[in-house]
Amino acid sequence: MTTAPPSLETDLMAMKQAAQTAIAGATTLDQLEQLRISYLGKKGQLSKVLGGMGKLSAAERPRIGALANEVKGLIQDQLEQSKSALEAAQIEAQLAAETLDVTMPGIFRPQGRIHPINSIIDRIVDIFVGLGYTVASGPEIETDYYNFEALNFLPDHPARDMQDTLYLPNGDLMRTHTSNVQIRYMQNHQPPLRTVAIGRCYRRDTVDATHAAVFHQIEFFAVDTDITFTDLRGTIKVFLEALYGDIPVRFRPSYFPFTEPSAEVDVQWQGKWLEILGCGMIDPNVLKAVGYDPEVYSGFAAGLGVERLAMVQHQIDDIRRLYNSDLRFLRQF
Ligand code: DAH
């Protein structure tokens, strides 16, 4: 009976020792993986040692085989343990590195807001688009023809007076209302039409709590074969209800050169009536000026004061607050 050459058992023990020391010294998962390959891999040291098994006697083989399995198991266990420990340490390190001090003062990032004029314009246009209106626009620098003449203003109408209108040296003017868009739009489109136009207007008005020299209007108008004053009233009622809900509204007879009959609409603001729009049935002379036959077509039109609508919505006491960019005021919206 031959005994196992002492070298094989010694080799196994030496390998076990070396592996245990190396694994204990590994500091990264990468190193551990390298050690696993070098000791237990297909071409690793254990395989090499076991390569000598063929030379063992049949009696010695099981003992050395069992010993080799035991060594393999030990190394495997140690690798597993080290791996878990290193992984845990890695998570600890990551948590420590990513810790947030939630008590640290934050970084102030100023945030913009939509100006109350823009937000009410958006809402109003949405309401009219919902009613089937299309959106149009026109120039702020306008000729006398589009701002006045085609709208049936007689040559001596007081609104043409230098007091109210800002004229340019060449005789053109800053439009005093958005009604110019009615003429421009109707010249280029045939009825039936339902159109809304938004824009800035200019007047040589004395500025006070309800008047600005530069302000916004929204014009809406409809032309068809069978439009009546009832349609106008209904449209204004639906519009004001969509904007404000159920609030007191007053219709007053009025006069505009471009509508007949004409009316103004007031709503409550700061405990009194405030005019928010002018309206009426488009005057036959205006229809004629754009080439429509007033025997066939009729229409209504209205011009809304945007600043005043915003003042009513937010109960703003003075129109000038909308323009002096005071952040204490603007931050409320
Ligand atoms: N353009 C008028 C103004 O600025 C408002 C107005 C009145 C517009 C009657 C209209 C209208 O379309 O039909 O005072």
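Count residues from 1 along the sequence. Heavy atoms only: backbone and side chains are in, while hydrogens, waters and symmetry mates are out. One-based numbering, in listed order, for ligands and for the atoms of each.
Protein heavy atom in closest approach to atom 8 (C) of ligand 1: Gly303 N, 3.2 Å. Residue, atom and distance of the protein heavy atom nearest to atom 11 (C) of ligand 1 are Phe258 CE1, 3.4 Å. Atom 12 (O) of ligand 1 has Glu219 OE2, 2.6 Å as its closest protein atom, hydrogens excluded (heavy atom only).
A donor-acceptor pair under 3.5 Å links the side-chain atoms of Arg175 to the main chain of Arg200, judged by distance alone.
When heavy-atom distances to ligand 1 are checked against a 4.0 Å cut-off, Cys279 comes that close only through its backbone atoms N, CA, C and O.
The two atoms that bring Phe258 and Asn152 nearest to each other are CA-CB, 4.5 Å, heavy atoms only.
Against a heavy-atom cut-off of under 4.0 Å, Gln182 is close to the following atoms of ligand 1: 12 (O). Ligand 1 places these atoms under 4.0 Å from at least one heavy atom of Gly280: 13 (O).
For atom 14 (O) of ligand 1, the nearest non-hydrogen atom from the set His177, Met281, Arg203 belongs to Arg203.
Residue Arg194 qualifies as enclosed at atom CZ: its count of foreign heavy atoms under 6.0 Å is above 12. Remark: Gln332 CD is packed, more than 12 non-hydrogen atoms of other residues, nucleotides or ligands lying under 6.0 Å away.
One side chain, His211 or Asp208, offers a donor N or O that lies under 3.5 Å from an acceptor on the other.
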